Amino acid sequence: MPDITLPDGSTRSFDNPVSGLEIAASIGPGLAKAALVISVDGELWDLSRPIETDAAISIVTAKDDAGLEVLRHDTAHLMAEAVKELYPDTQVTIGPAIENGFYYDFARTEPFTPDDLVAIEARMAEIVKRDEEITREVWPREKAVEFFKQAGEHYKAEIIAGIPGDEDITLYRQGDFIDLCRGPHLPSTGRIGAFKLTKIAGAYWRGNSDNEMLQRIYGTAWATEKDLKAYLHRLEEAEKRDHRRLGREMNLFHLQQEAMGMVFWHPHGWRLYRTVQTYMRQRLDAAGYVEVKTPELIDRSLWEASGHWEKFREHMFTTEAEERVLALKPMNCPGHVQIFRQGIKSYRDLPLRMAEFGACHRYEPSGALHGLMRVRGFVQDDAHIFCTDDQITPETEDFCDLLMSIYRDFGFEQVRVNFADRPAVRVGADDVWDRAEEALLEAVKGTGLEVQHTPGEGAFYGPKLEFVLRDAIGRDWQCGTLQVDFVLPERLDATYVGEDGERHRPVMLHRAILGSLERFLGILIEHYAGRFPLWLAPRQVVVATITADSDGYAGEVLARLRAAGLNAEADLRNEKIGYKVREHSVAKVPAILAVGAREAEGETVAMRRLGVKEQEILALDEAVDRLQKEAAGPLARTT
RNA sequence: GCCGCCGUAGCUCAGUGGUAGAGCGCGCCCUUGGUAAGGGCGAGGUCGAAAGUUCGAUUCUUUCCGGCGGCACCA
């Protein structure tokens, strides 16, 4: 005789155990039709499952995130059913819902082909039409294991073995397809929405590279055809802003196999790079950092002392000279400790904020390389703050302020922080880790930033904060980091003299704001889709002539722009103005100044800004002045 | 590194067991045109590399290299 409490607080009494579908129907036929699953005291249940005791419920539809997730999970099952029908020798393994869709991992000798995907998708549509009822069954563990073994589904049998003994083994049946699954699921396959299979990929069983590789099929699934279309459109738009594509189109950089994972920066790209670096240098100077430069090639012994040789040897490029092994630095910290160790440091020297645009090399696995986002040679906006325990909190707070201000200047407003604590493989004693973790947490509390805990994700030498920014199309990128390190100062014997006249160990804070400049530029390119604000744009202004009669005046305009420190070019080609405007708009030049007889006559320019259809006639002085102010960028605004 | 797909002109791509094509771009010529492509002509490719099958391979097979998508890795 359950009393059912609805989300609005009202209560309905039922004489007998009642199913979600019956409750939905009692509220209204529209809801019964839209219902996918039911939330019972916060737990998602199948609509058909009888509710026997009092409960607070809500009906979940495809409008809820949870409903969409169930829909996607069901689409994964639908795909598995289609695959089993078409390729009965295939073993099914796991198939969860993921962001925007789902995947399912299969074990099969033959690889799936793109043509197979088409066939599977067609079969899935058929099964939706069949509208097979999806039913939940609880099986005894032994029977389930036996069943899957007999069916040749050895992965499923293995999964059951890993399910804790006190949990029910639930199977879901739809048509002739039975799958081990926790659920919940929709009432029938007919409720599944719009979907599309997107890609085939390899994936290791249980995510472990020692295990065999399975075939993963990815798909996307939505409540409606319209949502699916919108998603596919978003993907196309994202592709258009791919930094590798824009890098080529805007002639910013290239990569080639003779220097895999290392960037050839072209003049425009390098100008962008320098703009970012110059900006950062000024911000660091203003924030009390000292800049240094340390060797890129350092003897193995230093890497052994720092601990890197033991842990990261395979990821370091090495060379030999004079019968010594030298390694290209994968990071800057040991070098910075060497500078710290020169002379005797006093507590009065702390905090010492030592920055370097450090050129690092890491031997990344070939499969990991990805445009500018994952490279083997890169420059970090790296710095190490040598400080006392007591200074960790204020230094971290100052760092967070600096970082937020810099992200904002680059056009990123949304930032979160991950707090990552001790990983399984690490150096240093546990009590040292306790102190480090506590200090970081305490420091970050004062920043007001949203903090997420990611256990076990810390660096091998200390816990860290990871700063994640969100770009213009909602993607998250981890860029900034701040890591407490009690270990390296000890290993490399860094000391300072305290007020008491005794030697003490400084704490090191490893910190970066942009991370790898290469990667950050990749993110910036995608964030702005190549349409940079004027201060960042590598090509700022083009002066385009209407006819050759105006070449002389265009030269004057160009000289004025350049004198004002702007990057300006003249387009004197024998082309129509429409052609020039189109070409420079496509090239994403922020400002086009058209000049013809009228402009030459009145000392004016016709300014057209990127993305704006209308032109504006301005006095030359006014145009130069405006562009110059705008191009000065955020540094001019803050001082 | 692992699995799959792909590799034809600077770019985007078509095509064929008998040594190749389009559009854009590039060069020259005509056009001097007022805001997202004016017209004509032309140059440009050992079809990723090597080996094999074949009378003949860019096309079929194998291996390698690279790119892409995932997985694993990411101090």
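What you see is a predicted model, and the numbers here were worked out from it, not measured in a lab.
Using modelled atom types and a 3.5 Å distance limit, the side chains of A:Glu356 and A:Thr294 yield a donor-acceptor pair. Side chains of A:Tyr231 and A:Glu236: a donor-acceptor N/O pair is absent below 3.5 angstrom, by distance only.
When each of B:A75, B:U35, B:A37 is scored by its nearest atom to the side-chain atoms of A:Met316, the top-ranked nucleotide is B:A75. Closest to the side chain of A:Lys613, from the set B:C65, B:G34, B:A36, is B:A36. Here B:U35 is the nucleotide among B:U35, B:G38, B:A75 with the atom lying nearest to any side-chain atom of A:Val581. The nucleotide whose nearest atom lies closest to any side-chain atom of A:Ala459 is, among B:G66, B:C71, B:A75, B:A75. Considering only side-chain atoms of A:Ala594, the nucleotide from B:G33, B:C2, B:U35 that sits closest is B:U35. With B:A37, B:A75, B:G33 as the candidates, the nucleotide lying closest to the side chain of A:Arg362 is B:A75.
Seen from the ring of A:Tyr87, A:Arg108 counts as a face-on cation partner, given the 6.0 Å and 45° thresholds. Seen from the ring of A:Phe486, A:Arg435 counts as a face-on cation partner, given the 6.0 Å and 45° thresholds. For the pair A:Arg72 and A:Trp222, the cation-pi test (distance below 6.0 Å, angle within 45°) is passed.
The residue A:Ala203 sits close only to the backbone: its heavy atoms come under 4.0 Å of sugar-phosphate atoms, none of a base. Within the 4.0 angstrom heavy-atom criterion, no nucleotide atom of any strand lies near A:His584. Counting non-hydrogen atoms under 4.0 angstrom, A:Ser209 reaches the backbone sugars and phosphates but no base. Using a 4.0 Å heavy-atom criterion, one finds that A:Gln483 contacts the sugar-phosphate atoms exclusively. Note on A:Tyr103: nothing from the nucleic acid sits closer than 4.0 angstrom, heavy atoms only. A:Arg244 comes within 4.0 angstrom of sugar-phosphate atoms only, judged by non-hydrogen atoms across all strands, and of no base. Within the nucleic acid shown, A:Gly578 comes within 4.0 Å of sugar-phosphate atoms alone, with no base atom in reach, counting heavy atoms only. Within the nucleic acid shown, A:Ala597 comes within 4.0 Å of at least one base atom, counting heavy atoms only. Within 4.0 Å (heavy atoms only), A:Pro330 reaches at least one base atom of the nucleic acid.
In this structure, A:Asp115 places its CG atom 15 Å from C1' of B:C6, rounding to the nearest Å. One atom, CD of A:Glu583, and another, P of B:C26, lie 6 Å apart when rounded to the nearest Å. In this structure, CE of A:Met260 is placed 20 Å from P of B:G48, rounded to the nearest angstrom. As a whole-Å value, the separation of A:Met373 CE from B:C73 C1' is 18 Å. Rounded to whole Å, the distance from NE2 on A:His361 to C1' on B:C74 is 17 Å. A:Asp242 has its CG atom 12 Å from the P atom of B:U12, to the nearest Å.
With hydrogens and angles ignored, no donor-acceptor pair closer than 3.5 Å exists between the side chain of A:Tyr204 and the base of B:G70. Side-chain atoms of A:Arg374 and base atoms of B:C73 include a donor and an acceptor less than 3.5 Å apart. For a distance-only test at 3.5 Å, the side chain of A:Glu599 qualifies as a donor-acceptor partner of the base of B:G34. For B:A36, its base sits under 3.5 Å from the side chain of A:Arg608 at one donor and acceptor pair at least.
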Next item on the list: List the steps and the verdict of salt bridge (Lys or Arg N to Asp or Glu O under 4.0 Å) for A:Arg244 and A:Glu526.
Entry: CA-CA 9 Å; A:Arg244 292 165 300 182; A:Glu526 301 203 355; 6.0 Å; no
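With a cut-off of 3.5 Å on both Watson-Crick or G-U wobble distances, the partner of B:A36 is given as none. Both distances falling under 3.5 Å, in either a Watson-Crick or a G-U wobble arrangement, occur for no nucleotide opposite B:U58. Across all strands shown, B:G4 pairs with B:C68; the Watson-Crick or G-U wobble distances both stay below 3.5 Å. Remark: B:A22 base-pairs with B:U12. Criterion, Watson-Crick or G-U wobble with two distances under 3.5 Å. The partner of B:C74, taking Watson-Crick or G-U wobble pairs whose two distances both stay under 3.5 Å, does not exist in any strand shown. Remark: B:A43 base-pairs with no nucleotide in the shown strands. Criterion, Watson-Crick or G-U wobble with two distances under 3.5 Å. Checking B:U53 for Watson-Crick or G-U wobble geometry (two distances, each under 3.5 Å) identifies no partner in any strand.
Of the two residues contacting RNA chain B, namely A:Gly207 and A:Gln615, the nearest-nucleotide position lying further toward the 5' end is that of A:Gln615.
The aromatic ring of A:Tyr579 does not sit over the base of B:A36; the criterion of centres under 5.5 Å apart with planes under 30° is not met.
Put simply, A:Lys199 has a side-chain N or O that comes within less than 4.0 Å of OP1 or OP2 on B:G70. Phosphate contact (OP1/OP2 of B:U12, side-chain N/O of A:Arg248, threshold under 4.0 Å): present.
The CE atom of A:Met280 lies 4.5 Å from the CG atom of A:Asp381; values are rounded to the nearest 0.5 Å.
The salt bridge (Lys or Arg N to Asp or Glu O under 4.0 Å) test applied to A:Arg519 returns no partner, not counting sequence neighbours.
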